[in-house]
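Beneath this line is the structure, given in structure tokens, with notes to follow.
As the structure lists them, so they are numbered: ligands from 1, and atoms in each ligand from 1. For the numbers below, each heavy atom of this structure counts, side chains included, while hydrogens, waters and symmetry mates do not. Because the structure is predicted, anything quoted here is derived from the model rather than measured.
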Amino acid sequence: MNSSTIASPDENEYFETHSAPPNLPELSRIVQGFVLRHHAAGRHVVLVSSGGTTVPLENQTVRFIDNFSAGTRGATSAEYFLEAGYAVVFLHRQFSLLPYSRHYSHSTNCFLDYLSEWGRIGEDGNQAGGDVVVHSKYRAQMLDVLRKYRRAKEGRTLLLLPFTTVTSYLFLLREVAMQMQMIGNGALFYLAAAVSDFFVPPDRMAEHKIQSGDLSGAPETEGAKPATQAAATTKETGAGKKLVIDLDPVPKFLKRLVEGWAPEAMIISFKLETDPNILLYKCRQALERYRHHLVIGNLLSTRKFEVVFVDKEGEQWIRVPEAKDGEEQIEIESLIIPEVVKRHEIVMSAKKDGPMAGNQDSRAPSASVTQ
Ligand code: 9Z3
């Protein structure tokens with residue numbers, strides 16, 4: 001085994017001290033079947049991660065930390081990958097936006113607004129016994145979405161894998177990556193999920209709901225942690241209790257993905273910042289640290305209109321052109337995905353010409369299963 005493929009102590013500890021999702025072996029078999037079938041059909045496979053991860057504060061979870069991500073980037077990108085002929089493993093936060101249904105599931109885009117009633121008028125002057133139809137002005141767009149959705153469904157080119165916590169995300173990512181190893185650089189990782197950098201380690205996690213009120217007369221709580229061990233403690237302030245949370249850093253899994261779990265695949269990570277002054281610096285730092293193919297940088301406030309591709313050759317901004325009067329703004333993912341596909345083709349053709357010909361000569365040369 002190449003030394004760089006040996007899991008770090010942090011990573012080992014993370015997986016050893018957390019429970020895997022109970023259905024992981026079954027999901028793994030489903031992913032394996034999916035990857036094999038599409039590889040045999042000559043399709044490349046992309047893992048698109050999407051949405052935010054939760055960080056539970058209690059074992060019997062009432063409260064958790066979350067983030068803003070709705071999964072728009074991931075769900076939209078997945079559609080364009082399907083259009084480009086990829087099979088897509090969509091690793092998404094449960095109940096975040098999904099490819100195709102996203103057009104009608106957002107709260108500002110309620111699907112009921114697209115429908116109208118059609119039929120005979122009843123005696124009371126209201127429509128009665130009619131049918132539900134799509135409003136004529138939305139029909140063309142909906143037909144287009146419906147056809148694409150059906151094509152993906154019939155071709156079984158979209159595999160939906162939900163997660164909720166950062167831990168279930170990491171177990172699933174590792175599992176899918178292992179299953180995608182068999183297709184070498186035909187595998188693409190497009191990591192758009194907003195993954196928490198912090199977590200509560202199990203040995204410091206409260207078993208029961210953290211109490212904000214006075215418990216002095218109550219029976220002792222089973223499994224309660226002494227304040228010195230607990231990650232979340234309450235402190236009396238005089239005006240009520242204050243909650244103090246002490247989180248550990250999540251080990252750097254991108255490194256493990258690049259070096260151990262998917263050493264031949266093309267890997268693209270996203271970098272999100274709010275301060276424009278540090279975006280490029282952080283993208284370059286991530287590229288330098290993890291030595292993967294591409295970082296796509298974006299700012300929270302402008303992420304729908306511009307992104308920057310950062311690789312070892314330099315930077316390339318992608319911007320949505322301003323919509324003309326009466327026209328709808330195009331989706332930035334319609335510009336991102338063709339550029340990603342072009343770069344994936346370059347990676348694949350470079351590797352065909354020999355291991356040193358690709359742009360990843362600094363990476364581990366062979367796959368090695370670490371777990
Ligand atoms: C992104 O930067 C995505 O583009 C967004 C998409 C989360 C901004 P929405 O779901 O938002 O369309 O609302 N994803 C990656 C964010 C992230 O956590 N990156 C890590 C980091 O910045 C590196 S893997 O440190």
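- Protein residues with a heavy atom under 4.0 Å from ligand 1 are F68, S69, A70, G71, T72, R73, A192, A193, A194, V195, F270, K271, L272, N298, R303.
- Checked against the 6.0 Å centroid criterion, the rings of F163 and Y169 qualify as a close aromatic pair.
- Using modelled atom types and a 3.5 Å distance limit, the side chains of S77 and Y190 yield a donor-acceptor pair.
- Cluster note: V295 groups with L279, L280, L287, L299, V308, V310, W317 through ILVMFWY side-chain heavy atoms spaced under 4.5 Å, whether in direct contact or through intervening members.
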Can I get a per-line list of side-chain donor-acceptor pairs under 3.5 Å for residues 81-92, giving both atom names and the distance, sequence neighbours left out?
| unit_1 | atom_1 | unit_2 | atom_2 | d |
| --- | --- | --- | --- | --- |
| Y86 | OH | H344 | ND1 | 2.6 |
| H92 | ND1 | F90 | O | 3.0 |
| H92 | ND1 | L161 | O | 3.3 |

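- Y14 and T167 form a side-chain donor-acceptor contact under 3.5 Å, judged by distance and modelled atom types alone.
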If you look only at distance, which donor and acceptor atoms sit under 3.5 Å apart when one is on a side chain in residues 31-41 and the other is two or more places apart or in another chain?
| unit_1 | atom_1 | unit_2 | atom_2 | d |
| --- | --- | --- | --- | --- |
| H38 | ND1 | R43 | NH1 | 2.7 |
| H38 | NE2 | R156 | O | 2.8 |

